[in-house]
Undergrad: 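The structure is given below, and queries will be raised subsequently.
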Amino acid sequence: MALQWIVLSYIIAVEAAIALILTIPLPKAVKSRIVALVSMMLQPAISIVPFAGFQLLDIYWKNEHRLMCTSDICTAAERDRYEKSIYKAQRNAIMCVAACLLYWCAYRICKFHKEIQELEAAEKRYKDM
C-alpha cells in the first residue's frame, strides 16, 4: 500500500512543477513549445484521476470498516494507533484531491494558452484585412 502513496506523491510533485513552469513568464516561442509538450503529456496523464478516485474510495471504505477505539477499555497504544491511522487517511485524501486539482490546473492553463493563441491569430487576420 505504501508504494501507491509514494507514486501519488511523486505525481503531485511533478504536476506542481509543471503548473509552476506553465505560469512562469517566458518568451512566446519557448512558452508555446512548453505548452505543446505538456498538452501531449496530459492526455495519457489523465489516468491519475481514476487512480486518485479509486484511492479515495479505498480510504472511504477503510474508514467505514475501521474498528473504533473511543471507549475507556482501549489502551493508550491502541488509541495512538487509531489516531495515527485517522491522520494518515486524512493526509492521503488530501493527496488524492491535490493530484486531481493539479491535473485540472495544468489542463486549464494549457487550454487558456491555446485559446489566447487562437484569439491572437484571429486578431492578426482582422488587422491584415
Side-chain angles (χ1 to χ4, degrees):
M1 279 305 278
L3 182 62
Q4 295 169 354
W5 301 113
I6 291 172
V7 168
L8 193 62
S9 64
Y10 285 146
I11 289 171
I12 290 170
V14 168
E15 286 178 342
I18 287 172
L20 183 66
I21 290 170
L22 287 174
T23 56
I24 292 175
L26 295 169
K28 232 179 201 184
V30 174
K31 184 79 158 189
S32 63
R33 289 192 178 155
I34 290 174
V35 169
L37 177 67
V38 171
S39 294
M40 287 188 326
M41 290 174 21
L42 283 176
Q43 193 170 11
I46 189 71
S47 62
I48 189 59
V49 175
F51 178 73
F54 176 75
Q55 295 301 321
L56 279 173
L57 286 174
D58 186 46
I59 291 169
Y60 175 75
W61 186 85
K62 286 180 180 176
N63 188 39
E64 289 296 318
H65 296 88
R66 180 177 284 132
L67 295 174
M68 298 298 236
C69 189
T70 55
S71 63
D72 293 334
I73 57 173
C74 292
T75 65
E78 289 172 340
R79 195 169 297 118
D80 288 341
R81 187 177 20 202
Y82 173 75
E83 289 176 4
K84 184 178 176 183
S85 71
I86 294 293
Y87 293 138
K88 283 176 68 176
Q90 290 172 347
R91 179 202 63 201
N92 293 342
I94 290 171
M95 285 176 52
C96 291
V97 171
C100 294
L101 184 64
L102 283 169
Y103 177 84
W104 179 79
C105 287
Y107 172 77
R108 291 305 301 176
I109 291 169
C110 287
K111 187 167 174 75
F112 285 146
H113 184 74
K114 287 180 181 179
E115 288 174 0
I116 289 171
Q117 284 180 338
E118 290 172 3
L119 289 172
E120 287 174 349
E123 179 184 18
K124 186 176 179 182
R125 275 186 275 135
Y126 287 131
K127 282 185 178 179
D128 291 342
M129 288 183 155

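Values reported hereafter were calculated over all heavy atoms of this structure, with side chains retained and with hydrogens, waters and symmetry mates removed. Start at 1 with the first residue, then count along the sequence.
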Undergrad: Indicate yes or no for a side-chain donor-acceptor contact from D58 to the backbone of F54 under 3.5 Å, with no hydrogens or angles considered.
TA: no
Undergrad: How about W104 and V49: do any of their side-chain heavy atoms sit closer than 4.5 Å?
TA: no
Undergrad: Is the shortest side-chain heavy-atom distance between L8 and Q4 below 4.5 Å?
TA: no
Undergrad: Under 4.5 Å between any side-chain heavy atoms of I18 and M41, yes or no?
TA: yes
Undergrad: Answer yes or no: is there a side-chain heavy-atom contact under 4.5 Å between V35 and Q117?
TA: no
Undergrad: State, with a plain yes or no, whether a side-chain heavy atom of T75 is found less than 4.5 Å away from one of D80.
TA: no
Undergrad: CD1 of I116 to CD of E123: how many Å apart, nearest 0.5 Å?
TA: 12.0 Å
Undergrad: Can a cation-pi geometry be assigned to R108 and F112, taking NZ or CZ under 6.0 Å from the six-membered ring centre and within 45° of the ring axis?
TA: yes
Undergrad: Is the number of heavy atoms from other residues, nucleotides or ligands within 6.0 Å of OH (Y107) greater than 12?
TA: no
Undergrad: Does A36 offer a backbone N or O that forms a donor-acceptor pair with the side chain of K114 under 3.5 Å?
TA: no
Undergrad: Any heavy-atom pair between the side chains of Y10 and V14 that's under 4.5 Å?
TA: no
Undergrad: Rounded to the nearest 0.5 Å, what separation is found between the CG atom of L42 and the NZ atom of K111?
TA: 12.0 Å
Undergrad: Would a 4.5 Å heavy-atom cut-off, applied to side chains only, mark C96 and W5 as touching?
TA: yes
Undergrad: Indicate yes or no: at least one non-hydrogen side-chain atom of I12 is less than 4.5 angstrom from one of M95.
TA: yes
Undergrad: Report, as yes or no, whether the 6.0 Å neighbourhood of atom CD on Q43 holds more than 12 heavy atoms from other residues, nucleotides or ligands.
TA: no
